[in-house]
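Input: a single structure, listed below in structure tokens.
We number each residue from 1, following the sequence as shown. Computed from a prediction, not measured in an experiment: that's the story for all the values here.
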Amino acid sequence: MKKINWKIFHLALWTEIVLAYFLPFRIRNNFEYQAGFPMSFICVYDTKLGKNLFMSMHVNPIGLLFDILIIYLIILVCVKAYQKFKHNLVK
């Protein structure tokens, strides 16, 4: 088993955070908003004004790690394919 490429891991982490912010939310039960790609990892509940935002939010750490792992693997495959393509052009 190879070591984790931490640069790609950090890129996957930040990609997941940015995607969760920009991709549309899924609405469930008319008061629960879910975000994340490809699996939702954060739920924000619609509450009355004056409530703390962090008290109306739920983060699923397992879902977040799963999402980061999927994005990490996608980026890793793309990097390996690019390196192979670049190596074949040099020959």
Practice problem: Dump the intermediate steps for side-chain contact (heavy atoms from CB on, under 4.5 Å) on Leu69 and Leu65, then the final yes or no. | Solution: CA-CA 6 Å; Leu69 177 67; Leu65 288 175; over 6 Å; no

Quiz item: Are Tyr72 and Leu19 linked, directly or through other ILVMFWY residues, by side chains that come within less than 4.5 angstrom of each other?
Solution: yes

Quiz item: Hey, are the side chains of Phe85 and Asn88 touching, using non-hydrogen atoms and a 4.5 Å cut-off?
Solution: no

Exercise. Give, for atom CD1 of Ile8 and atom OG1 of Thr15, the distance between the pair rounded to the nearest 0.5 Å.
Key: 11.0 Å

Quiz item: Do you reckon Leu76 sits in the same ILVMFWY cluster as Phe66, going by side-chain contacts under 4.5 Å, direct or chained?
Solution: no

Quiz item: Cluster question for you: counting only ILVMFWY and a side-chain heavy-atom cut-off of under 4.5 Å, with indirect links fine, are Leu73 and Ile71 together?
Solution: yes

Quiz item: What about Ile74 and Leu64, same hydrophobic cluster or not, with Ile/Leu/Val/Met/Phe/Trp/Tyr joined at side-chain heavy-atom distances under 4.5 Å?
Solution: no

Quiz item: Do you reckon Tyr21 sits in the same ILVMFWY cluster as Val18, going by side-chain contacts under 4.5 Å, direct or chained?
Solution: yes

Practice problem: Using the test ring pair (Phe, Tyr, Trp, His ring centres under 6.0 Å), find all partners of Phe9 that sit at least two apart in sequence or belong to another chain. | Solution: Trp6

Exercise. Would you mind reporting whether Gln83 and Val79 have side-chain heavy atoms less than 4.5 Å apart?
Key: yes

Quiz item: If you measure from NZ on Lys80 to CD1 on Ile75, what distance do you get to the nearest 0.5 Å?
Solution: 13.5 Å

Quiz prompt | Straight-line distance of Phe41 CZ to Asp67 CG, nearest 0.5 Å | solution = 6.5 Å

Practice problem: Could you tell me whether the side chain of Ile42 reaches within less than 4.5 Å of the side chain of Met57, counting heavy atoms only? | Solution: yes

Quiz prompt | Atom pair CG/CG of Asn5 and Leu11 - distance to nearest 0.5 Å | solution = 9.5 Å

Name each donor-acceptor pair under 3.5 Å that joins a side chain in residues 22-39 to protein atoms two or more places apart or in another chain, with its distance.
unit_1	atom_1	unit_2	atom_2	d
Glu32	OE2	Gln34	NE2	3.0
Gln34	OE1	Ser40	OG	3.4

